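What follows is a set of notes on a single structure, which appears directly below.
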Amino acid sequence: MTHTHLEGVSLIGNGLGAREGKTFQAFDPARGLALPEIFHTASESEVSSAAILAASASASFGSTGDRAGFLRRIADGLEAIRDVLVPRVMAETALPEGRVNGELGRTCGQLHLFA
C-alpha cells in the first residue's frame with residue numbers, strides 16, 4: 001500500500017486508524033502557519049494493535065533472511081515518492097530543497113549500503 005497523500009490517521013498494519021479523538025496540525029515554520037491537514041491521534045487500542053502487529057512482523061521478518069531486499073524496497077519506495085515527500089518536508093522544516101534532497105539521497109544511500 002503506497003500512500004502519496006496524507007490521510008490524517010495512523011497506518012496500522014494494512015489498515016487505517018480511526019478519525020476520532022484529539023486532532024493536531026503540522027506547522028510551517030517559514031510562514032508561521034499551520035498546514036491545512038488535520039491529523040488524529042491514535043487511540044490506546046490502535047497503539048496496542050500496532051505493537052502486536054510489529055512484534056509479529058519482527059518475528060516473521062527475522063526468519064525470512066531477506067533483510068537486504070527489504071531495505072532496498074524501502075529506499076526504492078522513498079525515491080518513488082520524492083516529488084511528494086520533498087515539498088512536504090520543506091513545508092514542515094523550512095529546510096531548502098537542496099538540503100532535503102541531499103538528506104533523502106543520504107538516507108537511501110545508507111539503506112542500500114546496509115543492504
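All heavy atoms count here, side chains included; hydrogens, waters and symmetry mates do not. Computed from a predicted structure; not experimentally measured. Position 1 is the first residue of the sequence, and the numbers go up from there.
- Contact record, Val100 with Met90: CG2-CG, 3.7 Å, taken as the closest heavy-atom pair.
- When the side chains of ILVMFWY residues are joined at heavy-atom separations under 4.5 Å, either directly or via intervening members, Leu35 and Val89 end up in two distinct hydrophobic clusters.
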Between Val9 and Phe39, is a side chain to side chain contact (heavy atoms under 4.5 Å, CB included) present by the stated rule, with each step listed? CA-CA 6 Å; Val9 294; Phe39 296 93; over 6 Å; no

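- Atom CZ of Phe70 is surrounded by 12 or fewer heavy atoms from other residues, nucleotides or ligands within 6.0 Å.
- When the shell of 6.0 Å around CZ of Arg73 is examined, it contains more than 12 heavy atoms from other residues, nucleotides or ligands.
- Residues Asn101 and Glu97 meet the side-chain proximity criterion, which asks for heavy atoms closer than 4.5 Å.
- For the pair Gln25 (side chain) and Ile38 (backbone), a donor-acceptor distance under 3.5 Å is absent.
- In this structure, Arg31 pairs ionically with Asp28, as a charged nitrogen and a carboxylate oxygen lie closer than 4.0 Å.
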Scan the side chains in residues 46-58 for donor-acceptor partners under 3.5 Å anywhere in the protein, sequence neighbours excluded, and list what turns up.
unit_1, atom_1, unit_2, atom_2, d
Glu46, OE1, Ser43, N, 2.9
Glu46, OE2, Ala18, N, 2.6
Ser49, OG, Ser45, O, 3.0

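- Between Glu7 and the choices Arg19, His40, Glu37, the side chain to side chain contact (heavy atoms under 4.5 Å, CB included) rule is met once, by Arg19.
- Across every non-hydrogen atom of Gly21 and Thr41, the tightest pair is C-OG1, 4.4 Å.
- By the rule that hydrophobic residues join a cluster once side-chain heavy atoms approach within less than 4.5 Å of another member, Leu33 and Leu6 end up as members of separate clusters.
- Under a 3.5 Å cut-off, the side chain of Ser10 and the backbone N or O of Ile12 do not form any donor-acceptor pair.
- Salt bridge Asp66/Arg72: absent, no basic N to carboxylate O contact under 4.0 Å.
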Distance-only donor-acceptor pairs under 3.5 Å for side chains of residues 107-115, two or more places apart:
unit_1, atom_1, unit_2, atom_2, d
Thr107, OG1, Glu103, O, 2.9
Gln110, OE1, Arg106, NH1, 3.2

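- One finds the OG1 atom of Thr93 at 11.0 Å from the CZ atom of Arg88 (value rounded to the nearest 0.5 Å).
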